[in-house]
Protein chains: 2
Amino acid sequence: MTQERARGRRDPDRRERIIAACLDVIAGSGVAGTSHRKVAAAAGVPLGSMTYYFSGMDELLREAFARFATSVSDEFERAMAAARTPAEARAALIALITDTVFDSHRDLVLSHELYTLAAREPAFRDLTNAWMARSRAALERHFDPATARMVDALIEGLTIHRALDTEPQDPRTVAAAVDRILGGA
Amino acid sequence: MTQERARGRRDPDRRERIIAACLDVIAGSGVAGTSHRKVAAAAGVPLGSMTYYFSGMDELLREAFARFATSVSDEFERAMAAARTPAEARAALIALITDTVFDSHRDLVLSHELYTLAAREPAFRDLTNAWMARSRAALERHFDPATARMVDALIEGLTIHRALDTEPQDPRTVAAAVDRILGGA
DNA sequence: ATGAACCTTGTACAGTCGTACACATGAGTG
DNA sequence: CACTCATGTGTACGACTGTACAAGGTTCAT
């Protein structure tokens, strides 16, 4: 598998570990509170490794969020691909909104951190674009393109409101909203 | 109007100016890049004024985002209150999504910065809660509570996708999505 | 064994940060 | 006038930042 093990690499996947640690630090302290030193400590590597493996903070953040986006994207694609009938697709969507995605606080925080960067810097917007394109493609396995876009937006909004609201989200309202969006198709 | 003009205030609304400047700095550099010095420079006040008017960075950010949230909230409420018939409400919603809200890049960036803070810190989640509660209340002038929630979420998602997507949003898709959500009411 | 090429690390530097605080300055009161 | 006190400000401090880089290790081909 992962045994390219290039030339004399003493710690072959140190780079990966740094990226993973970077996401942990971001989830805990936000992009604002993320520093080379904190990430190095979290990854268990010396500070010098930071500048060796990454040209700078920007590269580190870009790679970390790229990994995050594709991993969330993968999960979504898998869930939608598993659905075989329209009814299963509907159920998968509702489950995705009410449970899985952002079930962990971590994913919620990381998503928003990424959105925030994407809102300002084009380099990160490329990541969110790719993410959204994959989501739409996954939805188009089951729905027409226009409906796919609507569903994608609805998921986004419901998920955010679920995360940012104090009172819990009513699953029946979620199901009803999905049905209304799908119903018109 | 604003002439409380307490005791010998030499610069009566300096506090307001600092808050406004803070939002500008955040919009331009992000919360991560916002510092007392940058805000002071943007507001045209000496650094010492920062610690004089605000107990610390947290208080400054909280007040700045509180002001931002209520101002966006005000605009939304006004737009919904202006609608007299269901048809007008529908049109107002579509206009809100495709034009007004987040028309300026500034509002988009600030919203996401706030969401990001809210995702991590309860103090900021209070702001987003109040914001969402007001939005729902404004929508309930025209729609039943469940529909209001759905519409609110849909607006959120469509707005975000519009902002973070490269290809432009099709207004007809937006209108169709709104109609589907409203249609089931 | 020799050397080249890469991997790894500790430390140093210049800069920015939040915050504190002693001092100046003005307005209001008597 | 002088007295009081909130308002306003310049500067200094320690902590932390990103980044550079010289020095030391390890691996591999020769």
Side-chain angles (χ1 to χ4, degrees), chain A residues 2-26 28-65 113 117 120-121 123-124, chain B residues 2-65 113 116-117 120-121 123-124:
Chain A
T2 322
Q3 62 194 60
E4 350 177 350
R5 184 168 253 294
R7 288 208 353 126
R9 259 310 208 333
R10 248 168 302 169
D11 190 351
D13 39 29
R14 169 172 294 198
R15 202 163 193 280
E16 309 295 317
R17 239 181 330 129
I18 293 175
I19 291 176
C22 183
L23 286 173
D24 287 343
V25 173
I26 294 171
S29 316
V31 169
T34 298
S35 70
H36 276 155
R37 285 170 176 83
K38 273 192 207 166
V39 175
V45 303
L47 176 60
S49 286
M50 293 294 129
T51 52
Y52 180 74
Y53 283 104
F54 301 93
S55 68
M57 203 63 182
D58 278 357
E59 185 179 317
L60 176 57
L61 288 179
R62 263 200 312 274
E63 297 216 27
F65 278 116
E113 294 280 357
L117 288 177
R120 197 184 349 269
E121 295 177 41
F124 289 95
Chain B
T2 321
Q3 61 193 62
E4 350 176 347
R5 184 168 255 297
R7 291 212 351 129
R9 237 2 182 308
R10 256 165 292 169
D11 189 351
D13 40 29
R14 166 171 297 198
R15 201 161 194 284
E16 309 294 317
R17 242 184 323 131
I18 292 175
I19 291 175
C22 182
L23 285 173
D24 287 342
V25 173
I26 294 171
S29 314
V31 169
T34 298
S35 70
H36 277 153
R37 285 169 176 84
K38 273 193 206 167
V39 174
V45 303
L47 175 60
S49 286
M50 293 294 130
T51 52
Y52 180 74
Y53 283 104
F54 301 92
S55 68
M57 203 63 182
D58 277 357
E59 184 179 318
L60 176 57
L61 288 179
R62 262 199 312 272
E63 296 217 25
F65 278 115
E113 294 279 357
T116 299
L117 288 177
R120 196 182 352 267
E121 295 178 41
F124 289 95

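In the text below, chain A, chain B and the rest are named by the order of the sequence lines, each starting its count at 1.
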> Are B/R15 and B/Y52 in a cation-pi setup, meaning NZ or CZ lies under 6.0 angstrom from the ring centre and within 45 degrees of the ring axis?
Replying inline: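 Output no; distance or angle outside limits.
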Between [N] ([atom2]) and [X] ([atom1]): distance, integer Å:
X: A/L47; N: C/dC13; atom1: CG; atom2: P; answer: 15 Å
X: A/Y53; N: C/dT9; atom1: OH; atom2: C1'; answer: 12 Å
X: B/F54; N: D/dG8; atom1: CZ; atom2: P; answer: 12 Å
X: B/M50; N: C/dC17; atom1: CE; atom2: C1'; answer: 14 Å
X: A/H36; N: D/dG18; atom1: NE2; atom2: P; answer: 6 Å
X: A/D13; N: C/dC7; atom1: CG; atom2: C1'; answer: 14 Å
X: B/R15; N: D/dG8; atom1: CZ; atom2: C1'; answer: 15 Å

Please determine whether a side-chain nitrogen or oxygen atom of [X] lies at a distance below 4.0 Å from atom OP1 or OP2 of [N].
X: B/R14; N: D/dT9; result: yes
X: B/T51; N: C/dC21; result: no
X: B/S35; N: C/dT16; result: no

> More 5' along DNA chain C: A/P46 or B/G48, using each one's nearest nucleotide?
Replying inline: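 Here A/P46 is the residue nearer the 5' end.
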Minimum-distance nucleotide (side-chain atoms of [X] versus [options]):
X: B/S49; options: D/dT9, C/dT8, C/dG10; answer: D/dT9
X: B/M57; options: C/dG18, C/dT9, D/dT7; answer: C/dG18
X: B/Y52; options: C/dG10, D/dG8, C/dT19; answer: D/dG8

> So how far is it from B/L60 CG to B/L23 CG, rounded to the nearest 0.5 Å?
Replying inline: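 Result: 8.5 Å between the selected atoms.
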> Which distance, rounded to the nearest 0.5 Å, do you find between the CE of A/M50 and the CE of A/M57?
Replying inline: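 Output value for this atom pair is 9.0 Å.
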>> Assess whether a salt bridge exists between B/R62 and B/E121, defined as any Lys/Arg side-chain N lying under 4.0 Å from an Asp/Glu carboxylate O.
In response: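 Result for this pair is no, no salt bridge flagged.
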> Which part of the nucleic acid does B/R37 contact within heavy-atom distance under 4.0 Å: base, sugar-phosphate only, or nothing?
Replying inline: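 Contact class for B/R37: base.
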> Looking across every strand, which nucleic acid part, if any, lies under 4.0 Å from A/T34 by heavy atom: base, sugar-phosphate, or nothing?
Replying inline: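 Sugar-phosphate only.
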>> For a 4.5 angstrom cut-off between non-hydrogen side-chain atoms, does A/F65 reach A/I26?
In response: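 A/F65 vs A/I26: side chains touch.
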